[in-house]
Amino acid sequence: MLARIKEFLGMETKPTEEIGAEEEVEKVAEEKPKPRIGYIHLSGCTGDGMSLTENYDILAELLTNMVDIVYGQTLVDLWEMPEMDIALVEGSCCLQDEHSLHELKEVREKAGLVVAFGSCAATGCFTRYSRGGQQAQPAHESFVPIADLVKVDLAIPGCPPSPEIIAKTVVAAINGDMDYLQPMMDLVGYTEACGCDLQLKVVNQALCIGCGTCAMSCQTRALSMTNGRPELNEDRCIKCGICYTQCPRSWWPEERIKQDLGL
Ligand code: SF4
Ligand code: SF4
């Protein structure tokens with residue numbers, strides 16, 4: 001199904017690592033001292049955009065001297081999507097909504113860097129539970145993370161992400177700070193998130209140190225600590241992926257360690 005939709009729309013299908021997100025970031029940093037940023041709202045709740053605006057102490061400086069916000073349904077009075085250096089895409093994409101599919105394709109064509117902004121865009125988050133059957137669009141039942149449809153360069157999961165990490169990521173992209181951005185690039189491939197990842201990928205791999213960071217980071221209190229190990233209440237998990245990305249033992253992926261060590 002996804003492959004057919006991507007083929008129909010002529011969407012990019014190559015995995016991110018083949019494309020070179022690092023080069024794209026460096027290009028933005030070198031060529032665009034004041035990057036043009038767009039905010040694209042798909043199937044999201046605007047909470048990620050709200051979190052962006054909660055950078056009270058630096059927001060004026062960011063908007064006045066560091067970036068130009070050139071597009072955004074709730075921010076800029078402009079209908080036609082312009083060329084952008086960085087596009088912050090909030091929300092997952094509904095496969096039954098042709099407008100969203102075309103908008104996502106247009107973002108990919110017009111933005112240098114595409115950022116999955118928030119967990120709905122990055123992992124699907126609670127839209128993973130959509131089943132359709134509701135008015136006024138009962139056929140709208142399938143919602144996927146945007147990296148399932150187009151090449152994504154950076155992912156900032158969070159429901160919503162903190163104001164601080166949004167601001168730091170934008171500033172790092174402006175400055176070409178690859179050390180800061182590398183985890184966000186690695187997270188692009190983490191689209192099928194679940195609280196059960198802690199058990200499978202951390203505890204079962206003998207990596208858990210019982211720090212409790214995962215339980216503290218869960219917004220829905222789906223995680224508790226039992227005998228020094230995380231325990232998941234699946235009924236409460238919204239599949240945002242924050243617990244795993246915050247876990248200090250989830251970094252780095254084995255492939256990345258081997259690559260960095262030349263193994
Ligand atoms: S954050 Fe990671 S290391 Fe810490 S308790 Fe949770 S699973 Fe274990
Ligand atoms: S356990 Fe909590 S933090 Fe982890 S994916 Fe589920 S809702 Fe998100």
Side-chain angles (χ1 to χ4, degrees), residues 12 16 19-93 100 102-122 145-147 149-158 160-185 187-188:
E12 180 63 70
T16 302
I19 314 272
E22 293 197 21
E23 287 77 16
E24 291 286 358
V25 174
E26 281 161 6
K27 206 167 77 184
V28 168
E30 282 168 16
E31 295 178 2
K32 311 283 183 184
K34 197 174 178 187
R36 294 151 51 84
I37 295 190
Y39 167 64
I40 288 81
H41 192 280
L42 297 180
S43 297
C45 67
T46 323
D48 306 311
M50 291 289 291
S51 192
L52 165 69
T53 62
E54 282 169 10
N55 279 293
Y56 305 116
D57 50 340
I58 64 159
L59 195 61
E61 167 71 10
L62 194 69
L63 295 180
T64 309
N65 298 321
M66 298 185 75
V67 303
D68 280 330
I69 303 282
V70 295
Y71 186 70
Q73 287 162 332
T74 50
L75 301 172
V76 181
D77 186 16
L78 186 69
W79 286 96
E80 290 295 317
M81 189 185 295
E83 299 281 331
M84 297 165 279
D85 298 304
I86 301 172
L88 301 175
V89 182
E90 172 169 350
S92 58
C93 190
S100 293
H102 279 286
E103 193 172 17
L104 185 56
K105 179 188 174 191
E106 191 177 4
V107 172
R108 183 61 277 179
E109 288 168 356
K110 293 189 170 174
L113 285 176
V114 173
V115 181
F117 182 35
S119 283
C120 283
I146 62 171
L149 295 166
V150 297
K151 178 180 84 77
V152 173
D153 302 297
L154 303 168
I156 317 176
S162 69
E164 187 180 34
I165 198 169
I166 299 167
K168 284 185 172 176
T169 303
V170 171
V171 172
I174 294 169
N175 294 330
D177 183 347
M178 302 313 302
D179 285 343
Y180 190 86
L181 295 177
Q182 190 63 60
M184 283 84 170
M185 289 193 278
L187 282 172
V188 168

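Reckoned from all heavy atoms, side chains included, excluding hydrogens, waters and symmetry mates. Numbers for residues simply follow the sequence, beginning at 1.
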Interatomic spacing from CG in L187 to CE in M185 - rounded to 0.5 Å: 11.0 Å

Would you mind reporting whether V188 and D153 have side-chain heavy atoms less than 4.5 Å apart? no

Looking at every heavy atom in both N55 and A167, which two are closest together, and how far apart are they? OD1-CB, 3.5 Å

Any chance you could measure E80, atom CD, to K110, atom NZ, to the nearest 0.5 Å? 6.5 Å

d(L149 CG, R108 CZ) to nearest 0.5 Å is 13.0 Å

With side chains defined as the heavy atoms from C-beta onward, is the minimum distance between I165 and Y180 less than 4.5 Å? yes

Candidates M84, E90, E106 - the one meeting side chain to side chain contact (heavy atoms under 4.5 Å, CB included) with I40: M84

Not counting sequence neighbours, which residues clear side-chain hydrogen bond (donor to acceptor under 3.5 Å, both in side chains) with Y71? List them please. none

Set of side-chain hydrogen bond (donor to acceptor under 3.5 Å, both in side chains) partners for S162, sequence neighbours left out: none

Do V70 and L78 pass the side chain to side chain contact (heavy atoms under 4.5 Å, CB included) test, and can you show the C-alpha distance, the side-chain angles, and the key distance before you say yes or no? CA-CA 8 Å; V70 295; L78 186 69; 5.8 Å; no

With rounding to the nearest 0.5 Å, note down the distance linking CD in Q73 to CE in M81. 8.5 Å

Are any non-hydrogen side-chain atoms of F117 and L42 less than 4.5 angstrom apart? no

Calculate, to the nearest 0.5 Å, the distance between atoms OG1 and CG belonging to T169 and L52 respectively. 11.0 Å

Mind listing the closest non-hydrogen atom pair of D48 and G158 along with its distance? OD1-O, 3.9 Å

With heavy-atom distances below 4.5 Å as the criterion, would you say the side chains of V170 and I174 are in contact? yes

Correct closest heavy-atom pair for L181 and A172 would be CD2-CB, 3.7 Å

Check: S51 and P163 side chains under 4.5 Å, non-hydrogen atoms: yes

Correct closest heavy-atom pair for G47 and P160 would be O-CB, 3.7 Å

Side chain to side chain contact (heavy atoms under 4.5 Å, CB included) between I146 and V114, worked out: CA-CA 10 Å; I146 62 171; V114 173; 4.2 Å; yes

How many angstroms lie between CG in L113 and CD1 in I86, if you round to the nearest 0.5 Å? 5.5 Å

Which atom names give the shortest non-hydrogen contact between A122 and A155, and what distance separates them? CB-CB, 4.2 Å

So, do R36 and P82 sit near enough that their side-chain heavy atoms are less than 4.5 Å apart? yes

